[in-house]
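Notes for the one structure printed next.
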Number of protein chains: 2
Amino acid sequence: MKTVTQDRPYSQTLTRLREAGLRPTRQRLALGRLLFDGGDRHVTAEALHEEAQAAGVSVSLATVYNTLHQFTEAHLLREVVVDSARTYFDTNVSDHHHFFLENSGSLMDIDGNKIAITGLPQAPDGTDVARVDVIVRLQGTPRAAE
Amino acid sequence: MKTVTQDRPYSQTLTRLREAGLRPTRQRLALGRLLFDGGDRHVTAEALHEEAQAAGVSVSLATVYNTLHQFTEAHLLREVVVDSARTYFDTNVSDHHHFFLENSGSLMDIDGNKIAITGLPQAPDGTDVARVDVIVRLQGTPRAAE
DNA sequence: TCTCATATTTAGAATTATTCTAAGGTGTTG
DNA sequence: CAACACCTTAGAATAATTCTAAATATGAGA
Ligand SMILES: [Mn+2]
Ligand SMILES: [Mn+2]
Ligand SMILES: [Zn+2]
Ligand SMILES: [Zn+2]
């Protein structure tokens, strides 16, 4: 058996970009690796930009925004609206919901097929359900921090 | 029987403000009446400001923001997060959820005790559930507009 | 009713996340 | 390698919201 010699075997970012019709530029590859290597993540543009800098990848904030939006259009990411001040991007594009820790601003996934919503009225005439989002807002209990 | 001679009997805005410990200023009374007379509403600061202008009430946008936040602290309003670009304030402070029409940016209430969510994992250690929000995102079907 | 301390309003500046512009760099394909 | 479309980016622009600090209104008491 031969050893895989690619530098990042995990996420197959290059392949994903190709399939999405996006040129595999240095910036998109680097951001894609930060996003898709390892487990699911929820990031803001600013946070990903800082992470890239810290990793020694030179990429502008404008490109981070461009890339996050392009990845979202390509369904490699989805947006999560939980805070009217910042946009979160989610590498988990499967059907799921969220815990939102209002203190820290962090998100945790809730598997979409573990929960059920019953009694939803039907969508008004002339509309279709694009998505149902459940957000469980959490407050930290300082006591537990001891 | 005597006829009620108050100019706006509907919302008892004056009483509400007193109970909340807020001075019934001209601006707060006017905004309170716009918000609470008539049925439940979902407004943005900008929209309420324009509505006030149109009603001949002179109030600054800063005061609209101040007032919306004070009303929210006093639980006369609550915030609804559905769009990362603008904040909605909701005059319905009872337990309920929302349809969000992404095209028009409008919200419709879903009665909280008509729907049930089962299978929610318990909140992580050291946290408490502050609220559960269900947002049903709707896309208009242009066909129906004919 | 007048006074005065305090709460409120407001114009305009500041902040912050995000988007836009337009100029130069890069990936792909023949 | 040429050529062109696609990409990146610095910096300006935008837009919602917040802040500042000066002017004004409110209400408790005299
Ligand atoms: Mn905002
Ligand atoms: Mn924004
Ligand atoms: Zn997620
Ligand atoms: Zn509502």
Side-chain angles (χ1 to χ4, degrees), chain A residues 13-35 42-53 55-74 76-89 105 107, chain B residues 13-34 42-53 55-74 76-77 79-89 105 107:
Chain A
T13 295
L14 203 155
T15 306
R16 290 193 193 218
L17 292 178
R18 289 242 166 81
E19 283 172 358
L22 295 167
R23 288 185 181 176
T25 63
R26 184 163 35 78
Q27 293 85 344
R28 295 209 273 231
L29 281 167
L31 295 175
R33 283 166 180 157
L34 288 175
L35 288 169
H42 304 93
V43 302
T44 62
E46 193 70 49
L48 182 61
H49 184 237
E50 279 163 22
E51 194 176 330
Q53 311 273 247
V57 178
S58 171
V59 56
S60 73
L61 186 55
T63 295
V64 172
Y65 274 105
N66 290 340
T67 302
L68 288 171
H69 287 135
Q70 290 152 356
F71 284 10
T72 301
E73 277 168 46
L76 301 176
L77 292 178
R78 56 175 263 197
E79 289 185 31
V80 183
V81 179
V82 282
D83 180 337
S84 62
R86 45 175 91 267
T87 300
Y88 286 80
F89 293 85
L107 285 161
Chain B
T13 295
L14 204 155
T15 306
R16 289 192 193 219
L17 291 177
R18 290 242 167 82
E19 284 173 358
L22 295 168
R23 287 188 181 175
T25 64
R26 183 162 35 77
Q27 291 85 345
R28 295 208 273 231
L29 281 167
L31 295 175
R33 283 166 180 158
L34 289 174
H42 304 91
V43 302
T44 62
E46 194 70 51
L48 182 60
H49 184 237
E50 278 163 21
E51 194 176 329
Q53 312 271 248
V57 177
S58 171
V59 56
S60 72
L61 185 55
T63 295
V64 172
Y65 274 105
N66 290 340
T67 302
L68 288 171
H69 286 134
Q70 290 153 357
F71 284 10
T72 301
E73 276 168 46
L76 301 176
L77 293 177
E79 290 185 29
V80 183
V81 179
V82 282
D83 179 336
S84 61
R86 44 175 90 267
T87 299
Y88 287 81
F89 293 85
L107 285 161

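It should be emphasised that the depicted structure is a prediction, and the values quoted were computed from it without experimental measurement. Computed over heavy atoms, backbone and side chain alike; hydrogens, waters and symmetry mates excluded. Chain naming here is simple, since letters A, B, ... match the order of the sequence lines and numbering starts at 1 in each.
Taking side-chain N and O atoms only, B:H69 has a distance below 4.0 Å to OP1 or OP2 of D:dT18. For A:T87 and C:dA17, the shortest distance from a side-chain N or O to OP1 or OP2 is not below 4.0 Å. Residue A:S60 places none of its side-chain N or O atoms closer than 4.0 Å to OP1 or OP2 of D:dT8.
Taking atom CG of residue A:L68 and atom C1' of nucleotide D:dC7, one finds them 15 Å apart after rounding to whole Å. One can place CG of A:L48 at 12 Å from P of C:dT18, the figure rounded to the nearest angstrom. Across the protein-nucleic acid pair, B:N66 atom CG and C:dT10 atom C1' stand 9 Å apart, rounded to whole Å. As a whole-Å value, the separation of A:L17 CG from C:dT26 C1' is 15 Å. Spacing between atom CG of B:D83 and atom C1' of C:dA17 amounts to 13 Å, rounded to whole angstrom units. A straight line from CZ of B:R86 to P of C:dA17 spans 18 Å, rounded to a whole angstrom. Between A:E73 atom CD and D:dC7 atom P the separation is 11 Å, expressed in whole Å. Here the C1' atom of nucleotide C:dT10 and the CG atom of B:L31 are 14 Å apart, to the nearest Å.
With hydrogens and angles disregarded, a donor-acceptor distance shorter than 3.5 Å links the side chain of B:R28 to the backbone of B:R23.
The closest side-chain heavy-atom distance from B:T87 to B:T44 is not below 4.5 Å. With a 4.5 Å cut-off on side-chain heavy atoms, A:R18 and A:P24 count as touching. Looking only at side-chain heavy atoms (C-beta outward), A:L35 and A:F71 come within less than 4.5 Å of each other. For the pair B:Y65 and B:L48, the minimum side-chain heavy-atom distance is 4.5 Å or more.
Residue B:H49 is classed as having no contact, given no heavy-atom separation below 4.0 Å to the nucleic acid. When heavy atoms are screened at a 4.0 angstrom cut-off, B:T44 is found touching no nucleic acid atom at all.
In terms of position on DNA chain D, the residue among A:T67 and B:Y65 whose nearest nucleotide sits closer to the 5' end is A:T67. The nearest heavy atom of DNA chain C to B:L22 and to B:L61 marks one nucleotide each, and the one closer to the 5' end goes with B:L22.
Looking at the side chain of A:R28, the nearest of the listed nucleotides D:dC7, C:dG12, C:dT18 is D:dC7.
Shown here for B:A45 and B:L68, the closest heavy-atom pair between the two residues is CA-CD1, 3.7 Å. Minimum heavy-atom separation, A:V81 to B:D83: CG1-N, 3.6 Å.
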Could you walk me through whether B:F89 and B:E79 pass side chain to side chain contact (heavy atoms under 4.5 Å, CB included), step by step?
CA-CA 5 Å; B:F89 293 85; B:E79 290 185 29; 3.6 Å; yes

What does the B/S/- profile of nucleotides 21-30 of chain D look like, 5' to 3', with a 4.0 Å heavy-atom cutoff to protein?
-----BS---

Could you pull out the protein-nucleic contacts involving nucleotides 1-3 of chain D (nitrogen or oxygen on both sides, under 3.5 Å)?
none

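Scanning for side chain to side chain donor-acceptor pair (under 3.5 Å) contacts around A:T25 gives an empty result, with sequence neighbours left out. By the ring pair (Phe, Tyr, Trp, His ring centres under 6.0 Å) test, B:Y88 pairs with no residue at all, sequence neighbours left out. Listed by chain and number, the residues in a side chain to side chain donor-acceptor pair (under 3.5 Å) with A:H49 amount to none (sequence neighbours excluded).
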Once pairs are restricted to Watson-Crick or G-U wobble with both distances under 3.5 Å, how does DNA chain C read as a dot-bracket string, [ ] for crossings and | for other-strand pairs?
||||||||||||||||||||||||||||||

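Between atom OG1 of residue A:T67 and atom CG of residue A:L76 there is a gap of 11.0 Å, rounded to the nearest 0.5 Å.
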